[in-house]
There are 2 protein chains.
Amino acid sequence: MNIGEVGARTGLPTKTIRYYEDIGLVRPGRDSNGYRAFGESECHKLAFVARARALGFSIQDCRTLLALYEDDGRASADVKRVALEQLEQIDRKLSELQSMRDTLSGLVKACAGDNRPDCPILNDLAAP
Amino acid sequence: MNIGEVGARTGLPTKTIRYYEDIGLVRPGRDSNGYRAFGESECHKLAFVARARALGFSIQDCRTLLALYEDDGRASADVKRVALEQLEQIDRKLSELQSMRDTLSGLVKACAGDNRPDCPILNDLAAP
DNA sequence: ATAGGGGTTCCAGTCGCTGGAAGGTCAAGC
DNA sequence: GCTTGACCTTCCAGCGACTGGAACCCCTAT
């Protein structure tokens, strides 16, 4: 399978797939013409990574998850721990964003948005 | 005022302040010994930027907001537009994170987290 | 023979810092 | 006067996870 087809199947840009090879996430073979040759399993791994990335897991987490996935003797607790940490990370980010949103939306509401210079948004940034 | 005091006043690391000078956000003078010399207004600008950054505005947005702040003839509509775009950005990010959270928390709940290898999280990543 | 659509490599840039090395400056204490 | 330590300076490199572009090779169809 060429890189283009893998991209089409996984939804990953070819650039990203090459990058994933660069950093050792996958190790496709090579055709005699120098083209990367992906087997089903490499393609599957990439799809796995694509889904993990879509859940916000870091590349390092993806490495860990892939290793666990390929380890028949894994404990699901190990997977769960990684996932829980990611969930906590998301929650931290969510609450940070939510508090930004609260502040900003208050300021936006307070701003007339007309052609006069008076502006509560700038006032707040200048001295909250 | 030396960079250290500006850092203490604004809460910004000195590294960041030097970086902000590098990219032209502020233009402190220099003492005869080569040290940066910040006046009240430069320090105030940095505090302004620090607060804008804390609301998630990009450096480019900060430039725009600073310029508007310093323009007595601005229209508050121009400020509001920048803020509204940022609010929308935050909302997009929030909903993306929320949907990650939903998926991930469902998977985490479904995972026993014991020492057996069977794991819904990995199953989902492998084929959702 | 040529055109196009694959593929390859390598290098640089993104964003917003952050770390570290190598060195100059200043105030306090001995 | 000398040392110590905290400050300051510059410059260069690296983070994460790609992304863009240049320059080139390969394959197929017309």
Side-chain angles (χ1 to χ4, degrees), chain A residues 1-38 42-43 45-46 48-66 85-86 89-90 92-93 96-97 100, chain B residues 1-38 42-43 45-46 48-66 85-86 89-90 92-93 96-97 100:
Chain A
M1 210 183 322
N2 278 351
I3 197 169
E5 194 183 340
V6 177
R9 285 211 209 174
T10 59
L12 291 169
T14 56
K15 277 273 186 192
T16 301
I17 298 173
R18 286 191 201 101
Y19 170 70
Y20 285 171
E21 182 189 5
D22 248 33
I23 62 171
L25 270 186
V26 283
R27 254 173 262 279
R30 294 286 170 148
D31 284 342
S32 53
N33 58 10
Y35 287 18
R36 286 168 183 81
F38 294 85
E42 294 298 304
C43 184
K45 268 190 185 186
L46 285 166
F48 182 101
V49 169
R51 283 186 287 263
R53 295 283 302 131
L55 291 179
F57 287 104
S58 69
I59 294 288
Q60 185 47 55
D61 284 342
C62 290
R63 277 186 217 280
T64 306
L65 290 171
L66 266 181
E85 257 166 48
Q86 172 58 14
Q89 181 117 321
I90 288 176
R92 279 193 295 278
K93 196 92 202 172
E96 191 196 346
L97 276 177
M100 285 184 190
Chain B
M1 209 181 326
N2 278 352
I3 197 170
E5 194 183 340
V6 177
R9 285 210 209 175
T10 60
L12 291 169
T14 55
K15 278 273 187 192
T16 301
I17 298 173
R18 285 192 202 99
Y19 170 71
Y20 284 172
E21 181 188 7
D22 248 33
I23 61 171
L25 270 185
V26 284
R27 256 172 259 279
R30 295 284 170 151
D31 284 341
S32 53
N33 57 12
Y35 287 18
R36 286 168 183 81
F38 294 85
E42 295 298 303
C43 184
K45 267 190 185 185
L46 284 166
F48 182 102
V49 169
R51 284 186 286 264
R53 295 284 302 133
L55 290 178
F57 287 104
S58 70
I59 294 288
Q60 185 48 54
D61 284 342
C62 290
R63 277 186 216 280
T64 307
L65 290 170
L66 267 182
E85 257 166 49
Q86 172 58 12
Q89 181 118 321
I90 287 177
R92 279 193 295 279
K93 196 90 202 173
E96 190 196 347
L97 276 176
M100 286 182 189

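Note on naming: letters A, B, ... go to the chains in the order of the sequence lines (proteins, then strands), and numbering restarts at 1 for each one. Since the structure is predicted, the reported quantities are computational estimates derived from the model, not experimental observations.
For the pair B:Tyr20 and A:Glu21, nearest-nucleotide mapping onto DNA chain C gives the more 5' position to A:Glu21. Toward the 5' end of DNA chain C, the nearer of the two residues A:Tyr35 and A:Lys15, judged by each one's closest nucleotide, is A:Tyr35. Between A:Thr16 and A:Asn33, the one whose closest nucleotide on DNA chain D sits nearer the 5' end is A:Thr16.
The distance from atom CD1 of A:Ile17 to atom P of C:dT9 is 13 Å, rounded to the nearest whole Å. Distance B:Gln89 CD to C:dC15 P: 13 Å, rounded to the nearest Å. Atom CG of B:Asp31 is separated from atom P of C:dT25 by 13 Å (rounded to the nearest Å).
The side chain of A:Arg36 places no N or O atom within less than 4.0 Å of a non-bridging phosphate oxygen (OP1 or OP2) of C:dG7.
Relative to the side chain of A:Arg30, the nucleotides C:dG16, C:dT9, D:dT10 differ in distance, and C:dT9 lies closest. In this structure, of D:dA17, C:dG7, D:dT9, it is D:dA17 that holds the atom nearest to the side chain of A:Ile59. Listed nucleotides: C:dG16, D:dT10, D:dT19. Nearest to the side chain of B:Arg18: D:dT10.
Rounded to the nearest 0.5 angstrom, A:Leu46 CG and A:Leu12 CG are separated by 6.0 Å. Separation of atoms CZ (A:Arg63) and CZ (A:Phe57) is listed at 15.5 Å; rounding is to 0.5 Å. Between the CZ atom in B:Arg18 and the CD1 atom in B:Ile3 there is a gap of 4.0 Å [rounded to 0.5 Å].
Counting non-hydrogen atoms under 4.0 angstrom, B:Ile23 reaches nothing in the nucleic acid.
Remark: B:Arg30 engages B:Glu21 in a salt bridge, criterion side-chain N to carboxylate O under 4.0 Å.
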